[in-house]
Amino acid sequence: MESAQDYWTAHALLEWQVEMGADEAILDAPLNRYELVDEKPAAKVSPLGKAAPPPIPVKEKVDPVAVAKAAAKSAETLESLAGAMRAFELCELKKGARNFVFGDGAVNANVMIIGEAPNRDDDQHGKPFSGPVGDLFDKMIGAIGLSRSHPDPASSVYVTTVMPWRPPANRVPEAAELAMMLPFLTRHIELVDPAIIVLMGNSPCQALLGKAGISRLRGQWTTVLGKPVLPMAHPEQLMKNPTAKRDAWADLLDLKARLSNQ
């Protein structure tokens with residue numbers, strides 16, 4: 001009777017387990033999962049039967065201003081500065097420009113003139129203040145006894161542009177573009193070491209003074225990098241607005257008087 005009772009008891013327990021869902025035997029003995037060794041999961045397979053591609057690495061963000069500062073700081077001469085600027089790949093304007101525009105004139109001149117970004121003629125010739133705008137510029141400085149080619153530093157000028165590459169369709173340089181090229185411009189000024197700086201146009205004023213509106217800024221002397229600075233209209237603006245030539249002539253006479261007192 002005892003063996004029969006054990007059978008029916010075991011049968012009843014089995015039926016209860018089946019009813020609760022335990023209807024499949026897994027192992028004959030208990031499994032200690034703490035002693036199992038972790039196995040590397042297999043690569044996920046796409047529905048087409050191919051392994052999933054590896055994740056795309058995220059590129060580290062580069063600060064163009066920091067890169068420009070390091071490159072400009074290492075330049076000890078105008079030649080090495082030009083080389084560093086040519087090698088700078090973070091300004092998109094470089095991709096659409098025909099030529100690199102650096103500087104022109106006497107590097108030992110007392111006056112350094114910084115103009116707007118290169119226009120079409122500057123881009124074609126690789127020289128600032130080219131074409132009809134350059135012709136007017138040469139007449140303007142010639143009227144007060146200055147020249148790009150004069151051997152005397154007191155009578156010569158050195159010219160450059162706020163950007164070394166022409167923006168598409170002669171558009172105004174963006175603030176980010178001015179900011180990333182500013183370290184090169186300030187190093188340019190330090191290496192030329194002029195007695196006086198002239199900022200012709202809005203963009204150089206925006207870059208070095210943090211201000212725009214040449215009609216308000218012109219004729220007002222200020223200081224940049226410890227040097228006297230005179231903002232005035234760009235020759236291209238004078239060609240579009242001849243009535244502004246009167247103010248430009250007044251600024252040129254002011255520049256001449258300042259040079260006479262050097």
With the side chain counted from C-beta on, respond yes when Pro204 and Glu116 share a heavy-atom pair under 4.5 Å apart, and no when they do not.
yes
Residue from Asp104, Asn119, Asp121 passing side-chain contact (heavy atoms from CB on, under 4.5 Å) with Ser130:
Asp121
Greater than 12 external heavy atoms within 6.0 Å of Lys69's NZ:
no
Side chain to side chain contact (heavy atoms under 4.5 Å, CB included), that's the test. Do Leu81 and Glu190 meet it? Break it down for me.
CA-CA 11 Å; Leu81 178 64; Glu190 291 170 351; over 6 Å; no
When rounded to the nearest 0.5 angstrom, what is the spacing between CG in Leu225 and CD1 in Ile197?
6.0 Å
Of all heavy-atom pairs between Pro183 and Ala72, which one has the smallest distance, and what is that distance?
O-CB, 3.5 Å
Test side chain to side chain contact (heavy atoms under 4.5 Å, CB included) on Lys211 and Cys205 and set out the steps.
CA-CA 6 Å; Lys211 302 176 182 178; Cys205 290; 5.6 Å; no
Connected via hydrophobic side-chain network under 4.5 Å: Phe88 and Val162:
yes
How far apart are the closest heavy atoms of Glu177 and Met163, and which atoms are they?
O-CE, 3.6 Å
Candidate list Leu209, Ile214, Leu217, Thr222, test side-chain contact (heavy atoms from CB on, under 4.5 Å), partner Leu199, passing option
Leu209
Distance col, row Asp247:CG vs Arg218:CZ, nearest 0.5 angstrom, shows 4.0 Å
Of all the heavy-atom pairs spanning Leu208 and Val224, show the shortest one and how long it is.
O-CG2, 4.0 Å
Within the side chain of Lys94, is there an N or O that forms a donor-acceptor pair under 3.5 Å with the backbone of Arg86?
yes
In Å and rounded to the nearest 0.5 Å, what is the CD1 to CE distance from Ile114 to Met200?
11.5 Å
Residues that Asp123 engages under salt bridge (charged side-chain N to carboxylate O under 4.0 Å, His left out), provided they are two or more places apart:
none
What's the spacing between Thr160 OG1 and Met112 CE if we round to 0.5 Å?
5.5 Å
For Arg246, all residues meeting salt bridge (charged side-chain N to carboxylate O under 4.0 Å, His left out), sequence neighbours excluded:
none
Starting from the C-alpha separation in whole Å, work towards a yes-or-no answer on side chain to side chain contact (heavy atoms under 4.5 Å, CB included) for Leu252 and Met232.
CA-CA 9 Å; Leu252 288 170; Met232 63 178 298; 4.0 Å; yes
If I compare all heavy atoms of Ala82 with all of Phe100, which pair ends up nearest, and what's the gap?
O-CZ, 3.9 Å
Hydrophobic cluster membership, with links at side-chain heavy-atom distances under 4.5 Å among I/L/V/M/F/W/Y: are Val107 and Val198 in one?
no
Any chance you could measure Arg258, atom CZ, to Asn110, atom CG, to the nearest 0.5 Å?
13.0 Å
Flag the pair Leu93 / Met180 as yes when at least one side-chain heavy-atom distance between them is below 4.5 Å, and no otherwise.
no
Please evaluate residues Leu238 and Trp249 with respect to the criterion side chain to side chain contact (heavy atoms under 4.5 Å, CB included), reporting the C-alpha separation (whole Å), side-chain torsions for both, the decisive distance (0.1 Å), and the verdict.
CA-CA 11 Å; Leu238 301 180; Trp249 177 239; over 6 Å; no
Rounded to the nearest 0.5 Å, how far apart are CD of Glu236 and CG of Leu136?
10.5 Å
Under a 4.5 Å cut-off applied to non-hydrogen side-chain atoms, are Glu76 and Arg187 in contact?
yes
Quick check: is Val159 connected to Val111 through a chain of hydrophobic side chains (ILVMFWY, heavy atoms under 4.5 Å apart)?
yes
So, Arg166 and Asp122, do they make that salt bridge, N to O below 4.0 Å?
no
Gln206: what forms a side-chain hydrogen bond (donor to acceptor under 3.5 Å, both in side chains) with it, not counting sequence neighbours?
none
Of all the heavy-atom pairs spanning Ala195 and Lys227, show the shortest one and how long it is.
O-CB, 4.5 Å
Measure up the Phe129 and Phe137 rings against each other and bin them: parallel (under 30°), tilted (30 to 60°), perpendicular (over 60°).
parallel
Co-membership, hydrophobic cluster, residues Phe102 and Ile113, 4.5 Å side-chain:
no
Non-hydrogen atoms of Cys91 and Met181 that approach each other most closely:
CB-SD, 4.3 Å
Same cluster for Val101 and Leu182 if Ile/Leu/Val/Met/Phe/Trp/Tyr side chains link at under 4.5 Å?
no
